[in-house]
Amino acid sequence: MSERYEAEQIEAKWQQRWIDADIDSTCDDPDDARESYYCLVMFPYPSGNLHMGHVRNYCLGDAVARYKRMNGFNVLHPIGWDAFGLPAENAAIKHHRPPAEWTYANIDQMRTQLKRLGLSYDWSREIATCRPEYYRWEQWLFTRLMEKGLAYQADAEVNWCDPCHTVLANEQVVDGVCWRCDTPVIKKNLKQWFIRITDYAEELLADLDKLSGWPEKVVGMQRNWIGKSSGAEVSFRLEGSDETLDIFTTRPDTLMGVTYMAVAAAHPLAQKAAESSLDLAKFIDECSRISTKEADIETMEKRGMPTGFNAVHPITGASVPVWVANFVLMGYGTGAVMSVPAHDERDHAFAKKYDLPIKQVIKPVEGDWDIDAAAFTEAGELVNSAQFDGSDSVAAKQSITQWLSEQGKGCERVQYRLRDWLVSRQRYWGAPIPVIHCDDCGAVPVPDDQLPVELPTHLQPTGGASPLVDCHDFKHADCPKCGKPSVRELDTFDTFMESSWYMNRYTSPRCDTAMVESSAMQRWAPVDQYIGGVEHAVLHLLYARFYHKLMRDAGLFSTEQGGDEPFRNLLTQGMVLKDGTKMSKSKGNTVDPKAIIERFGADTARLFTLFAAPPEKELEWNDAGVEGGHRFLKRVWRLLEKLKEQHDGEDDAAAVKALRFTIHSTIQRVTHAFEHGFAFNVAIAALMELSNALQAFEPKGEAGSAACREGIEVLATMLAPFVPHFACEIGEAIGMREMAIVSQWPSVDESALEQNEITIAVQVQGKRRGEITIAKDAGQDEAMAAARADASIAKWLENMQVVKVILVPGRLLNVVVKPA
RNA sequence: GCGAGGAUGGCGGAAUUGGUAGACGCGCUGGUUUUAGGUACCAGUACCUUUGGUGUGGGGGUUCGAGUCCCCCUCCUCGUACCA
C-alpha cells in the first residue's frame, strides 16, 4: 500500500481481482437459499459515449445492488443495449457504413467505459436488442397478438415526421413536435400496424393502484395519459334524415340544456355540408391547416360555422343547429359534442360569440347564478328539465342515461384518452414486422419455424426511404398459407417494442426455446428496484407495463410467477445539469465522464454523483465539488496512519465511548438511507462525519486502538457500495478477512448506543439558553436542578415564577415562566 | 386553466414523531508548511446595532415549543390540456 492514494492503479488492480473471483455473476442455482433481488437500471442506447446521466443512473443502481449483496441477497443486476434506432441510420448515412457496424463498435466502446466505472454487472447476461436471438421473440409474440386480434393493420390518420421519414406513436409526439428531432408532425392517412393497448386501458389504470413503490408523480402522469372519463353516448337524429349524430358527454345531466351541436372539421357531417357551401369548405380547410402545436391551440380563437344541418333533441324533440367548431377534435370521442352553454365554459363562450341561446337546466342548491354572465359548472338541482326537474344533478346523470337507454337513444359509456399503440415505422434499422402480404390471403403472420425474420445487416441507408424497399432478397417471400409468391412487410417495429420486455428477458437471456423461462420469471420477476430517468414516465413505462400483461396473457408466466406489473419499485433520477441547464453538445456545457475518471478515478466520479444531490433531484455539476469528493477519499486514506503505531497508555474511556457511539449511530443512519428512499447524499455525509470523528480521535491504548480499527473497518465496509475499489483497498490495508464488497453489512451494537449521561438543550420561554448534561433517565426535578446550577441558564430564571416545565427525554428541557 | 412538487446561509443541500435550524460538502476569510503557485493541514464562516437581538418566500393562526401542522397570499419548477 502506497503512501499516496493512486486511484487508477488501485481500480485496475481490484477490477482484475473481481473478475478472477467471479464476484458479479448472478447465481441461478435453484439450491441457492438466498433471497433474490432484482435491481435494474434503464439500458442505454449505444450512442458511442457514456454521458453523465448514464453515470448517475448506473452509480445509483450499483450502490443498491452492492448493498443488497452485502445483506445476503442473491442479486440480479444486468445490463444490455437498446440497440435499434434512428441515430444508427443517421450515422450510417454520414459515415457510409452500415448501421450494424456503427452500433456494434459503439457497444464495444461503451462496454469498456462501463467496466472502467467498476459497476457490478453480470456481463454474461448482456443483451443487444438488434440481435436476431432477441427480436425473434418479439416477432413471436407479435404473431400471437395477430392471432388474438390484438395486433391489427388499419388505415388511420397518423403522425408523420418528415425528417425522420416515419410515423410516430401518439406518445412520441411531444407538444406537437417529434420527440427526436423537434420538427412539427404532419397528419397523414396511412395503413399502419397497431397494438390494441386500449383493450388493456382498464387494467393499466386499475393496476396503477398496486404501484405503491412508484413516485406518485409518475402514477399521476400515467393516469392522465390513459384519461378515463365516464359518461354517456347520446344519439341525436338528424332532421329530415334517418342518420344520427352520436356524441359522448360526461354530463348527461345537462342534456336538457343543449342548444346546439358542434362537430370537428374532419367529421363526415362537416365534410358533407362543405360540399354545398364554399364558405364552409374554406373554413374547414383552414381548420385542418392549423398546426397541432399546443402553443397555437392555447391562443387559438374559438371559431365556428353552421353546417345547415339540424339535430333533433332526444327528449324534447326540439330542433338544434349543428355547427362546425375548430375546438372539437376528431380524435377524441366521436368527433362531435352536444353543447350546453349554460353549464360548460367553452360552450358558453362560443354561444356568446355567435349569439346562440343559453338554457339553464341546473341551479345552485343555494343562492342565485347569473347564467348569462358565466357558465354554472358545479353540481346542483335540475330545472327546466321536464320530468327530471328537482332531482340532484349527480343522480340525474344516472336517471337521464337510463331513460335514454330505455328509449334506444343512448347508453352509458366510458371513454379513454389512450389510443392504440402505433408500432410500425418506415425505417430500416429496426426489428422486421413478421408478416407476409399475400394477394389472396392478406397479411399472414410468419410461422414460428420461420422466425426470426432476420433483418439484412449489410444495407446502406441513403436518407430517403428504407433500403429494405429495394432489397429483393428480403422483400420476396412465399405466402406461408398458400405458397404464392408474396412480399414481406417492409416496415419495422417501433424501438419501444424492444425496450418493453428486456427486463423480463434478462431473467433467462440465453433461452432459445421461449421468450422467457417461467421458472426464471418466478425467481426474479418482477424487478424489485428499477432506476432511470423520469422522461420515460409515460412512453417506456406504460408500454413495458402493457407488454408485461401481454406476455402474461400469452401464457409465458402466470401472475404468481411474474406478477401483473413489471416493476415493483421505481426511482426516477433527476437530470445532470451544468450551469443550471441540461448538458448538451450544442450549448458546449458537457462534462465528459472519461475526463473525470482519468483525472480523479472512477471512485471519485461515483462518490460525487451520489453525494451532490438527492437521487430524484437535479444534480448541478460542480468541478470543485468533485475535488471535494476526492479530498474526502484522501482523508480516509490518511486515517490508516492511526493504526500504524502501538499505544500502551490509558485511553479516556468517555472518548472511546463517544467514538463507538458515532460508529454505531452512523451504521444506523447509512442503513436507513438504503432502506428508505436511497438518500445517498445523506448517507455519504454521515460517512464523512464518521471519518471526521476518527480523524479527531487519538488512541492512547488498546481500547482506543480497537475502537479506531473498528471505526475504519465499518467505514470501509459501508463505503463499499459507493466506492468499491477504494473500500477494498482500505479493507485489505487494515487486514479485513474478506474483500470489503463481499463483507457482511455491519450491524448496530445497541450497547454502543446506550448512554448514561446525555446533553440536552435548555429553553426558557421556548428560546434556547444553554445546555445541561444529566443522567439518561433523569426526571424533571433533576433536570431543573441542573439548569439552575448553570449560571448562564439560571440568570433567565431569576425573579421568575416557574409556570410549567416540559422535559422531552433525550431532547430538551423547556421552562415556562412569568414574572414573580 | 387543471394536477403535482417546491421556496432553508454566498452555493449544493441536512433536519424520524412538532423538540438544539443550517449536518455534510463547496466557496470564502485567516493561519501553518512551501522559494513561489498549487497541494496538504489548522481555525473561523446564517445575519445584526453582540451582557443581547433577528432568522427557514410573505401574512395570520394552533402550541410550552413550528422549517415541520392549519388558513390566506406571492413566486418558481415539472407534467398536462379546447378530452366534450
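The figures here come from the full heavy-atom set of this structure, side chains too, leaving out hydrogens, waters and symmetry mates. Labels below follow one simple rule: chain letters A, B, ... track the order of the sequence lines, proteins then strands, and each chain is numbered from 1.
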Novice: Hey, which of these two, A/I684 or A/K634, hits RNA chain B nearer its 5' end, going by closest nucleotide?
Specialist: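 Mapping each residue to its closest nucleotide by heavy atoms, the 5'-most match is A/I684.
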Novice: Taking atom P in both B/A21 and B/U68, what distance in whole Å separates the two?
Specialist: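 It works out to 14 Å between them.
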Novice: Heavy atoms under 4.0 Å, any strand shown: does A/H672 hit a base, just sugar-phosphate, or nothing?
Specialist: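 Here A/H672 touches the bases of the nucleic acid.
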Novice: Can you find a side chain N or O atom of A/R631 that sits less than 4.0 Å from OP1 or OP2 on B/C41?
Specialist: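 No, no such contact exists.
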Novice: Given B/A23, B/C64, B/G52, identify the nucleotide with an atom nearest to the side chain of A/K804.
Specialist: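 Selected nucleotide (nearest to the side chain): B/C64.
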Novice: Verify the contact: side-chain N or O of A/R223 to OP1 or OP2 of B/A4, cut-off strictly under 4.0 Å; return yes or no.
Specialist: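 A/R223 to B/A4 OP1/OP2: no side-chain N or O under 4.0 Å.
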Novice: May I ask you to verify if any side-chain N or O of A/K818 is less than 4.0 angstrom from the OP1 or OP2 atom of B/C64?
Specialist: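 False: A/K818 side-chain N/O out of range (4.0 Å or more) of B/C64 OP1/OP2.
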Novice: Would you say the side chain of A/K302 and the base of B/C82 hold a donor-acceptor pair, judged only by whether the two atoms sit under 3.5 Å apart?
Specialist: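 By the distance-only test, yes, there is a pair.
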Novice: Classify the nucleic acid contact of A/V815 as base, sugar-phosphate or nothing, counting any heavy atom under 4.0 Å across all strands shown.
Specialist: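 Nothing, no nucleic acid heavy atom in range.
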Novice: In this structure, how many angstroms lie between the P atom of B/C83 and the CD1 atom of A/I226, rounded?
Specialist: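 About 19 Å, once rounded to whole Å.
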Novice: With a non-hydrogen cut-off below 4.0 angstrom, is A/G628 in contact with a base, only sugar-phosphate, or nothing?
Specialist: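 If one applies the 4.0 Å heavy-atom cut-off, A/G628 turns out to touch the sugar-phosphate alone, with no base involved.
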Novice: Does A/R811 make a side-chain donor-acceptor contact with the base of B/U17, cut-off 3.5 Å?
Specialist: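 Result: at least one qualifying N/O pair found.
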Novice: Under 3.5 Å, side-chain donor or acceptor atoms of residues 218-225 of chain A against the rest of the protein: list the pairs with distances, not counting sequence neighbours.
Specialist:
unit_1	atom_1	unit_2	atom_2	d
A/Q222	OE1	A/R545	NH1	2.7
A/Q222	NE2	A/A537	O	2.8
A/R223	NH2	A/D209	OD1	3.2
A/W225	NE1	A/E171	OE2	2.9

Novice: Any side-chain N or O of A/N622 less than 4.0 Å from the OP1 or OP2 oxygen of B/G27?
Specialist: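 It does not, given that no N or O in the side chain of A/N622 lies less than 4.0 Å from OP1 or OP2 of B/G27.
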Novice: With respect to the side chain of A/F611, which nucleotide from B/C83, B/G25, B/C82 is positioned closest?
Specialist: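 Nearest nucleotide to the side chain: B/G25.
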Novice: Give A/V816 one of three labels, base, sugar-phosphate or nothing, depending on what nucleic acid heavy atoms sit under 4.0 Å from its own.
Specialist: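 The residue A/V816 makes sugar-phosphate contact but no base contact.
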Novice: Regarding A/R769, tell me which of base, sugar-phosphate or nothing describes its non-hydrogen contacts under 4.0 Å with the strands shown.
Specialist: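 Sugar-phosphate contact only.
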Novice: Is it the case that the ring center of A/F611 lies less than 6.0 angstrom away from the ring center of A/F632?
Specialist: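 No, they do not, as the ring centres are separated by 6.0 Å or more.
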Novice: At 4.0 Å (heavy atoms only), tell me whether A/D347 reaches a base, stays on the sugar-phosphate, or touches nothing.
Specialist: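 It contacts nothing in the nucleic acid.
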Novice: For B/A36 and B/A46, measure between their P atoms and round to the nearest Å.
Specialist: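 That atom pair is separated by 32 Å.
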Novice: Taking only side-chain N and O atoms of A/S229, does any of them lie within less than 4.0 angstrom of OP1 or OP2 on B/A84?
Specialist: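 So the side-chain polar atoms of A/S229 do come within 4.0 Å of the phosphate oxygens OP1 or OP2 of B/A84, strictly under.
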Novice: For B/C78, take OP1 and OP2 only and decide whether either is under 4.0 Å from a side-chain N or O of A/K217.
Specialist: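 Looking at the OP1 and OP2 atoms of B/C78, neither is under 4.0 Å from any side-chain N or O of A/K217.
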Novice: Just to be sure I understand the rule, does A/R413 reach a base, reach only the sugar-phosphate, or reach nothing, if contact means heavy atoms closer than 4.0 Å?
Specialist: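 The answer is nothing, as A/R413 stays clear of every strand by at least 4.0 Å.
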Novice: At 4.0 Å (heavy atoms only), tell me whether A/W621 reaches a base, stays on the sugar-phosphate, or touches nothing.
Specialist: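 A/W621: no heavy atom of the nucleic acid under 4.0 Å.
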Novice: Return the value, rounded to whole Å, for the distance between atom NZ of A/K767 and atom C1' of B/A21.
Specialist: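 Atom-to-atom, A/K767 to B/A21, this comes out as 14 Å.
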